[in-house]
Amino acid sequence: MRAHQFRAMNCEIILMAEGYPTRTLEGFEAAESFIHSNEQRFTRFSERSELTHLNRSAGNWFRASPDLFEIVNQSLHSYKKTHGLFDPSILPDLKRAGYDRTLDEVQRLGADPQPVERFMGRDLTLDMIQLDVASSSILLPADMQIDLGGIAKGWIAEHAARLLSQFAITCAVSAGGDMFLIGTPEGADHWEVELEDPRDPSQNIITLRVGQGAVATSSVMKRVWRQGTASRHHLIDPRSHEPVETDWLCVTVIAPQMQIAETFAKAALIGGVQFASEAISQYPDISILAVDKNGQLIDMQETENVH
Amino acid sequence: MKFWKTTLRIWITIVSLFSFFGGWVVLAHSPKPNQFNPANLSKMPVLAPIPSLDQIMNSQESNRLSFNNNMRPIRLRTGGSG
């Protein structure tokens with residue numbers, strides 16, 4: 001198994017592949033280039049990104065690339081599947097919590113003090129977004145801003161893995177812990193994925209045996225900064241418009257598709273045990289694992305994925 | 001009528017014979033292929049022996065190690081964005 005590691009999207013990217021060596025290296029180059037170029041398209045921290053242009057055009061129809069259109073469409077589906085817990089339109093709340101620059105800058109320079117009052121515009125919900133498939137156009141309601149952070153990262157990871165698979169027999173792309181796996185390593189019928197202890201990232205809580213598909217983890221212990229005297233993180237509860245307070249430190253979801261894994265990891269962390277139980281009953285092909293504040297692993301479904 | 005048939009047979013016979021001998025003469029005077037003579041062979045370079053499959057696999061393994069030579073074996077870990 002060959003591996004290639006680099007930094008993009010504010011996290012460590014790991015590419016792994018098995019196959020003919022020369023082709024594998026070509027695949028690594030192609031996948032890395034794909035990841036860097038798409039990061040520039042979907043980041044909210046670049047004035048020139050397509051996402052920034054979409055947010056600026058709120059109130060007017062915006063002709064989007066097929067990829068951005070697909071991601072926004074996926075976001076709408078995820079919003080509906082999670083009853084609004086997965087909501088990319090919390091961007092104003094995220095900025096208000098201090099995450100208005102890249103994470104590196106926020107952590108290095110500190111966040112601005114929080115404004116006393118939340119902006120009370122008209123109540124905007126993500127399902128107010130209109131899509132026109134024929135012209136690949138998107139209409140954000142005026143005053144709405146969206147952050148595609150997690151779902152765009154997942155989309156990039158899955159597509160990078162599919163690109164890499166054209167050069168390799170078996171491959172994996174891990175983007176900050178969100179990973180997409182294609183095939184299984186030679187001589188094995190599964191991948192081994194270590195689940196990090198959220199209280200001590202140098203330790204593992206468990207090793208998961210995972211087949212082909214997606215693994216996504218949302219954690220309140222990552223992307224953390226201080227705003228005044230308060231500790232903040234990047235997972236906003238769309239019901240309270242504040243960083244979520246939860247008994248769980250992280251949630252990991254294993255699913256056939258990246259979008260499902262990413263969506264349900266975030267929604268289960270925000271929605272807690274009740275949402276996770278409902279998700280398991282509605283989507284039997286996903287597995288949900290949570291780690292609580294005591295470091296206790298909670299398996300929401302008796303599954304063969306854990307040993 | 002019989003005269004003409006006999007004449008035609010003789011004519012065909014003569015033409016066939018002349019064609020056969022004519023061809024013989026042409027082939028007999030055509031350039032001949034070179035005779036094999038080991039002394040005329042130019043010296044061939046000595047080639048390296050073909051490596052065994054095991055040697056090829058070991059070579060690929062060393063490439064892989066050199067690619068990751070600055071890091072520990074990479075394992076897949078998940079813990080959230082960071």
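Throughout, protein chains are lettered first and strands after them, A, B, ... in sequence-line order, and every chain is numbered starting at 1. Values below: all heavy atoms of this structure, side chains included; hydrogens, waters and symmetry mates excluded.
- Counting heavy-atom pairs closer than 4.5 Å to chain B, the top-ranked of the candidates A:Met221, A:Met179, A:Glu194, A:Met9 is A:Glu194.
- Only the side chain of A:Leu181 comes within contact range of chain B, judged by heavy atoms closer than 4.5 Å.
- The contact between A:Pro201 and chain B is made entirely by backbone atoms, counting heavy-atom distances below 4.5 Å.
- With sequence neighbours left out, A:Ala276 forms a side chain to side chain contact (heavy atoms under 4.5 Å, CB included) with A:Trp248, A:Ala268, A:Ile288, A:Met300.
- For A:Arg209 (side chain) and A:Asp189 (main-chain N/O), no donor-acceptor pair under 3.5 Å exists by modelled atom type.
- Here A:Asn204 is the residue among A:Thr252, A:Asn204, A:Asp197, A:Val215 with the most heavy-atom pairs under 4.5 Å with chain B.
- The shortest side-chain heavy-atom distance between A:Leu269 and A:Cys250 does not fall under the 4.5 Å cut-off.
- For the side-chain hydrogen bond (donor to acceptor under 3.5 Å, both in side chains) condition, the pairs that include at least one residue of residues 254-265 of chain A, sequence neighbours left out, are A:Ser78-A:Gln259, A:Ser78-A:Thr263.
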